[in-house]
**Q** 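One structure follows; several queries about it will come next.
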2 protein chains.
Amino acid sequence: MAEIAPDKLPAEPDADAPSEMKTLADRVFARLQDDIVQGLLPPGSKLGETELANRYGVSRGPLREAIRRLESRKLVERVPHAGARVALLKESDLVEIYRVREALEGMAARLAAENMTDAEIAGLTELLAQHERQPGVQDDTEYFQREGDVDFHYRVIQGSHNATLIDLLIGEMYHRVRMYRYQVATAANRPQKALAEHRRILEAIESRDGEMAELLMRRHISRARQTLESRALEEKNSETTDIHD
Amino acid sequence: MAEIAPDKLPAEPDADAPSEMKTLADRVFARLQDDIVQGLLPPGSKLGETELANRYGVSRGPLREAIRRLESRKLVERVPHAGARVALLKESDLVEIYRVREALEGMAARLAAENMTDAEIAGLTELLAQHERQPGVQDDTEYFQREGDVDFHYRVIQGSHNATLIDLLIGEMYHRVRMYRYQVATAANRPQKALAEHRRILEAIESRDGEMAELLMRRHISRARQTLESRALEEKNSETTDIHD
DNA sequence: AAAGGCTGGATTGTCGACAATCCCGTGCCA
DNA sequence: TGGCACGGGATTGTCGACAATCCAGCCTTT
């Protein structure tokens, strides 16, 4: 087997100054997660250890560790001697997740209203202003948020200042939901309404009204779930007559 | 370094018929988790890879995988080039966990009231009857529940029939709480009250009253947290005058 | 004597090879 | 013709060794 340009990942500690060099397994993990979440490795596809090891230019050791970590995040499923595949999640799974998010993020919103610093609230206000200027939102076609601290929900969760809660929501559920978004390319099909709800939640947080923040957040996520369920339903209906589009 | 009786784990596929043989890493993981939760490996102690590999009679490969899995369960902490140590959790962490449990197990109780089968409810009734006959409960000294399906909370969680919720509560928080129980040897210092509360929760589930079940479960956990906090507080007070006992 | 740098030892991270297991296609047999 | 046993091939699980990194103690220097 010839050397087929193993698409090295940034290993040399050259000019990535503030970035961290970490360990090999860490980089492979980050890279693999991106490739999975963004759909480059489609759900259900096999993750051959040898293949991926060559692809990322590392040995099977670090790669196995990366896969193991992705498994704990429920992004891949592994069966003992058969290999690992990218997890594919059914609508029923996603609905379950949304029901749990309703409880958890509702709690996070309440804690955020109680615990967020004034600086954090100011930053969140600025963030929503940016979102409003987004082109897709203006014409009501899409309201897409990139990963991390430019995501409204992400920031509210962090604002709870409860490490356990943050870990559950970010480490355990966040990326799965994001993966699904990429899967069905569903850019949240009610952009302006969603943004308006975000704004009202922020108002509750600003006035330190925990109960209100929780109520609004629960409602917000509940609505998202309902649109999800209804869309899944009509898909199932049209499914019997034709193969979409 | 001589062969010092490497305390083999049950590797031979002889007479453990219904048991699972799984993979080596699986067995090491289960074994290590027990040793940690039960305090055989005290919190903060170092987990040398070579040492443990010899101790369990396996190579470092499977052992690393086991440690990685325990890390994702927050039972051990690992820093890149320094090694892994048994996680030690402060009371503040535990209080956080209890606050999240309040939301999550409350939801689980509600779902359990809605979704549990009659057979499951009957089994749960029988379980509580057994708990009542426990000696430690009779004289109000301790109410200790072993791990797994002989634990009331464990069964209610399972009864929710929500895989995501089960995974969060069991896979992510359950064992940490159990570890702490072993750490401080605190055999839930209000046995009869706790059992009585369990019984009332069961009654709500039996009558399929989800709201009531949620309310009672939240109250139950909230009380547990309060006793926890007050005990931690008086510990901190006596700490300034003498070294306990 | 204290601070700082350096070397030795030990531990973790990584690698390549071997062994065990499973999947699948082939051929035999009813 | 259908079903079942059996290998061949490939993939995963496991192992031992090498390389990189970190930590502790000693020595040097001011």
Side-chain angles (χ1 to χ4, degrees), chain A residues 1-4 6-14 16 19-32 41 44-72 76-87, chain B residues 1-4 6-14 16 19-32 41 44-72 76-87:
Chain A
M1 183 177 291
E3 296 264 303
I4 39 170
D7 194 7
K8 281 268 190 202
L9 29 91
E12 322 307 331
D14 44 349
D16 58 342
S19 167
E20 59 288 279
M21 194 178 29
K22 309 185 198 179
T23 179
L24 258 188
D26 285 327
R27 285 198 293 269
V28 175
F29 166 71
R31 177 108 184 236
L32 241 183
L41 294 173
S45 61
K46 187 159 184 7
L47 297 180
E49 296 183 356
T50 312
E51 175 200 342
L52 290 179
N54 290 355
R55 183 166 171 193
Y56 294 133
V58 299
S59 142
R60 277 179 51 211
L63 186 106
R64 272 176 77 88
E65 188 167 327
I67 287 186
R68 161 64 59 200
R69 254 195 270 183
L70 289 172
E71 185 193 15
S72 80
V76 316
E77 292 171 358
R78 231 177 43 151
V79 333
H81 283 273
R85 320 189 78 88
V86 178
Chain B
M1 184 178 293
E3 296 266 303
I4 39 170
D7 194 6
K8 282 269 190 202
L9 28 93
E12 322 308 331
D14 46 347
D16 57 344
S19 167
E20 60 289 278
M21 194 178 30
K22 307 185 196 180
T23 179
L24 257 188
D26 286 326
R27 286 197 293 268
V28 175
F29 165 71
R31 177 106 184 238
L32 241 182
L41 294 174
S45 62
K46 187 158 183 4
L47 298 180
E49 296 183 357
T50 312
E51 175 200 341
L52 290 178
N54 291 355
R55 182 166 172 195
Y56 294 134
V58 298
S59 144
R60 277 179 52 212
L63 185 106
R64 272 176 78 87
E65 188 167 326
I67 287 186
R68 157 67 51 205
R69 254 194 271 184
L70 289 172
E71 185 193 15
S72 79
V76 317
E77 292 170 359
R78 233 178 41 152
V79 334
H81 282 273
R85 319 189 79 89
V86 178

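Keep in mind it's a predicted model, so treat the numbers as computed, not measured. So you know, we letter chains A, B, ... as the sequences are listed, proteins then strands, and number each from 1.
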**Q** Could you check Phe29(B) against Glu65(B) for side chain to side chain contact (heavy atoms under 4.5 Å, CB included), going step by step and ending with a plain yes or no?
**A** CA-CA 8 Å; Phe29(B) 165 71; Glu65(B) 188 167 326; over 6 Å; no
**Q** Ala84(B): which residues meet the side-chain contact (heavy atoms from CB on, under 4.5 Å) condition with it, sequence neighbours left out?
**A**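 Partners of Ala84(B) by the side-chain contact (heavy atoms from CB on, under 4.5 Å) criterion, ordered by chain and then number, come out as Leu47(B), Ile67(B), Arg78(B).
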**Q** Please identify each residue that fulfils side-chain contact (heavy atoms from CB on, under 4.5 Å) with Glu49(B), with sequence neighbours left out.
**A**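 Partners of Glu49(B) under the side-chain contact (heavy atoms from CB on, under 4.5 Å) test: Arg60(B), Leu63(B), Arg64(B).
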**Q** To the nearest 10 degrees, how far apart in direction are the end axes of the helix from dA1(C)-dT30(D) to dA30(C)-dT1(D), each fit to five base pairs?
**A**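 It comes to 10° between the two terminal axes.
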**Q** Who pairs with Arg69(B) by side chain to side chain donor-acceptor pair (under 3.5 Å), at least two apart in sequence or on another chain?
**A**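 Per chain and number, Arg69(B) pairs via side chain to side chain donor-acceptor pair (under 3.5 Å) with Asp26(B).
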**Q** Within the sub-3.5 Å range, which N or O atoms of nucleotides 9-13 of chain D have a protein N or O partner, and how far apart are they?
**A**
residue : atom : partner  : partner atom : Å
dT12(D) : OP1  : Lys46(A) : NZ           : 3.1
dT12(D) : OP2  : Glu49(A) : N            : 3.3
dT12(D) : O3'  : Pro80(A) : O            : 3.1
dG13(D) : OP1  : Pro80(A) : O            : 2.2
dG13(D) : OP2  : Arg64(A) : NH1          : 2.6
dG13(D) : OP2  : Arg64(A) : NH2          : 3.1
dG13(D) : O3'  : Thr23(B) : OG1          : 2.9
dG13(D) : N7   : Arg60(A) : NH2          : 2.8
dG13(D) : O6   : Arg60(A) : NH1          : 3.1

**Q** If the condition is side-chain contact (heavy atoms from CB on, under 4.5 Å), which residues does Ser45(A) pass it with, not counting sequence neighbours?
**A**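 Once residues adjacent in sequence are excluded, the partners of Ser45(A) under the side-chain contact (heavy atoms from CB on, under 4.5 Å) criterion are Leu41(A), Pro42(A), Val86(A).
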**Q** To the closest 0.5 Å, what do you measure between NZ (Lys46(B)) and CG (Leu52(B))?
**A**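 One gets 9.5 Å once the value is rounded to the nearest 0.5 Å.
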**Q** Taking Gly44(A)'s backbone N and O only, do any of them form a donor-acceptor pair with Arg85(A)'s side chain (distance below 3.5 Å, no angle check)?
**A**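 Yes; judged by distance alone, with no hydrogens or angles, the pair exists.
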**Q** Hey, what do you get for CD (Glu71(B)) to OG (Ser72(A)), rounding to the nearest 0.5 Å?
**A**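 If I round to the nearest 0.5 Å, the distance is 8.5 Å.
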**Q** Whole Å only: how far is the CZ atom of Arg85(A) from the P atom of dC23(C)?
**A**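 From Arg85(A) CZ to dC23(C) P: 11 Å.
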